[in-house]
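Report on the following structure.
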Amino acid sequence: MVLAGGGARGAYEIGVLIYLREKLQKRLGRDVPIDILAGTSVGAINAAFIASTIDQPKKQARILRELWEDIRIEHLLSVGPGDVFNAGRLLFSNSVPEDVRGSRHGGLLNTKGLEQFVARKTPWRCIYRNIAHGALDGLAISATHIGTGHTVVFTQTGKPIKGSWTNNPFVKHKAARIGPRHVLASASIPMFFSAVKIHNEYYTDGGLRQNTPMSPAIRMGAEKLLVISLKHMPSEEELARQHCITYPHPMLLFGKAMDALLLDHTEYDIDRMERLNAILYAGEAAFGGDFLEKLSSKMVELRGGPIKPIDAVHIRPSEDIGALAADFIRSGKAEIKGRTLNWVMRWLVRNDDSPGRQSDTHSYLLFDGRFAKELIDLGYEDAAKQEDQLATLFSY
């Protein structure tokens, strides 16, 4: 299972998981097998919790639903004059003030509540236990190393990963006993959240380079993928309504930049995988049944690992989550406590009054249980639409 990043949009992923646990398993007549988990950003938070409870499939979905539906943005995030002052001081200063040195660094929002939530709600020791006992083969968490800009994939597996990880110079692999800092680093939305220090190195959101970590899952041995992304693909009619006829507000530009960095990679990765599958099947048809074996043998020499077709099901939102978030805030459903935080969220959506001016930035930050419930229901419904494909994917 590959879980993409997208901040508060991550509740959608829980809806898909609930469908697997509550509905699909009834059709299969057994628990839905998940052997490998790979996550980035909020997908890393969800993946870590799923890994820690993989031995309790029936309870897992219920607990995750309760956790997401109980959250309130003011419990996880806050912003006050001191936070703004510190962010400005870090932005314009040439040196790092002594009082901000430590495991956290920078960020407009105070994320102590989110850090405590992640640290306390996930039974971290159970990840090691579940992998050691064979309930899970491995967990991969992607983060971005700030110094180099490279993706670092932290992995925890029962067996050592054979061969080289990748020849890509921009992706590094590190075996680790995954804990709260790895996940918080992966989920550190640039500018808004603090960077996180791990072994004297600072990391930020893994989605900047690898939002949908399909490659780590495949390198850990996955031959089938369930990919859950968090970007809606608009219809032609929706696209026609989204043309800007006035000069875009800076927050609109920032929101689109966030989308490009954190959401758009999935489509490229899926397209590349499908094209590679087509080439492999065509080669097998043209050159015989041993084509794949010979090609894989050569690829092991060239890149350290075999090449093989990958079966995948891709589930994405059928509705625009940015628009849903804007409507949720505008309708007054988001009862955000804290004057400054409430003002920030409403300021982020004030330019969404006309079609085509969706900034989307607010949708990454709307950690509200009532909004999470809407996304969970949407994820459940979208998974149900692909029940036949899911049943085939999870068949032995």
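Across I178 and V183, no two heavy atoms sit closer than the pair CG2-CG2, 4.4 Å. Contact record, I36 with D137: CG1-CB, 4.0 Å, taken as the closest heavy-atom pair. Scanning both residues, A140 and T155, for their nearest heavy atoms gives CB-CG2, 4.0 Å. Across D205 and S41, no two heavy atoms sit closer than the pair OD2-OG, 3.1 Å. In terms of heavy atoms, G138 sits closest to I131 at CA-CD1, 4.3 Å. Closest approach of R72 and D368 over heavy atoms only: CD-OD2, 4.3 Å.
Counting only heavy atoms from C-beta outward, the side chains of W68 and N46 approach each other to under 4.5 Å. In this structure, the side chains of L20 and P57 stay at 4.5 Å or more apart for every pair of heavy atoms. Taking 4.5 Å as the limit, some side-chain heavy atom of L324 sits within range of a side-chain heavy atom of F371. At least one side-chain heavy atom of L295 sits under 4.5 Å from a side-chain heavy atom of L280. With contacts defined as side-chain heavy-atom distances shorter than 4.5 Å, the pair L378/S318 qualifies. At a threshold of 4.5 Å between non-hydrogen side-chain atoms, the residues L225 and I218 count as touching. Counting heavy atoms from C-beta outward, T53 and K59 have side chains that stay 4.5 Å or more apart. Looking at heavy atoms from C-beta onward, L375 lies out of side-chain contact with F328 at the 4.5 angstrom threshold.
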Q: For side chain to side chain contact (heavy atoms under 4.5 Å, CB included), just list the numbers for R27 and L390, CA-CA rounded to whole Å, side-chain angles, deciding distance to a tenth of an Å, and then say yes or no.
A: CA-CA 10 Å; R27 172 167 173 171; L390 289 170; over 6 Å; no
Q. Given the rule in the side chain to side chain contact (heavy atoms under 4.5 Å, CB included) test, do K58 and D31 qualify, once you have shown the distances and angles that lead to the verdict?
A. CA-CA 8 Å; K58 292 181 175 61; D31 291 331; 3.5 Å; yes
(Q) Evaluate V42 against R9 for side chain to side chain contact (heavy atoms under 4.5 Å, CB included), listing each step before the verdict. (A) CA-CA 8 Å; V42 71; R9 295 168 176 241; 5.9 Å; no
Q. Can I14 and F49 be said to form a side chain to side chain contact (heavy atoms under 4.5 Å, CB included), step by step?
A. CA-CA 11 Å; I14 303 308; F49 189 90; over 6 Å; no
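E13 places a side-chain N or O within 3.5 Å of a backbone atom of A4 that can act as its donor or acceptor partner. Side chain of S186 to backbone of A143: no donor-acceptor contact under 3.5 angstrom is found. Between the side chain of H150 and the backbone N or O of H145, no donor-acceptor pair lies under 3.5 Å. The main-chain N or O of G15 is never found under 3.5 Å from a side-chain atom of R65 such that the two would form a donor-acceptor pair. Under a 3.5 Å cut-off, the side chain of S142 and the backbone N or O of V153 do not form any donor-acceptor pair. Side-chain atoms of S296 come within 3.5 Å of backbone atoms of I307 as a donor-acceptor pair (strictly under, hydrogens ignored).
Qualifying salt bridge (Lys or Arg N to Asp or Glu O under 4.0 Å) partners for R275, counting only residues two or more places apart in sequence or in other chains: D271. When the salt bridge (Lys or Arg N to Asp or Glu O under 4.0 Å) test is applied to K159, no partner is found at least two apart in sequence or on another chain. The salt bridge (Lys or Arg N to Asp or Glu O under 4.0 Å) check on D382 picks up K385, with sequence neighbours excluded.
Between the CD1 atom in I321 and the OH atom in Y12 there is a gap of 7.0 Å [rounded to 0.5 Å]. Within the model, atoms NE2 of H314 and CE of M273 stand 9.5 Å from one another, a figure rounded to the nearest 0.5 Å. Note: E284 CD to I279 CD1 = 14.0 Å, rounded to the nearest 0.5 Å. Residue S188 holds its OG atom at 13.0 Å from CZ of R181, rounded to the nearest 0.5 Å. Atom CD1 of I198 sits about 8.5 Å away from atom NZ of K174, to the nearest 0.5 Å. Here the straight-line distance linking atom CD1 of I310 with atom CG of L276 works out to 8.5 Å at 0.5 Å rounding.
Hydrophobic clustering, with ILVMFWY side chains joined whenever heavy atoms are under 4.5 angstrom apart, keeps Y128 apart from W124.
Among the candidates I141, V118, T40, the single residue satisfying the side chain to side chain contact (heavy atoms under 4.5 Å, CB included) test with I45 is V118. No option in I63, I71, D70 other than I63 meets the side chain to side chain contact (heavy atoms under 4.5 Å, CB included) test with L67.
Residue R272 places its CZ atom among 12 or fewer non-hydrogen atoms of other residues, nucleotides or ligands, all under 6.0 Å distant. Residue-environment remark: NZ (K23) stays at or below the threshold of 12 foreign heavy atoms within 6.0 Å. The number of heavy atoms from other shown groups lying within 6.0 Å of CZ (F287) does not exceed 12. In K121, the NZ atom is not crowded: 12 or fewer heavy atoms of neighbouring residues, nucleotides or ligands sit closer than 6.0 Å. Residue F291 places its CZ atom among more than 12 non-hydrogen atoms of other residues, nucleotides or ligands, all under 6.0 Å distant. Summarising the local packing, CD of E293 is surrounded by 12 or fewer heavy atoms from other residues, nucleotides or ligands at distances under 6.0 Å.
At a cut-off of 3.5 Å, with distance as the only test, no side-chain donor of R316 or S229 sits close to an acceptor on the other residue.
Using a 30° and 60° split on the angle between ring planes, F154 and H182 fall in the perpendicular class, above 60°.
Contact check on R370 versus E374 returns no salt bridge, with no Lys/Arg side-chain nitrogen under 4.0 Å from an Asp/Glu carboxylate oxygen.
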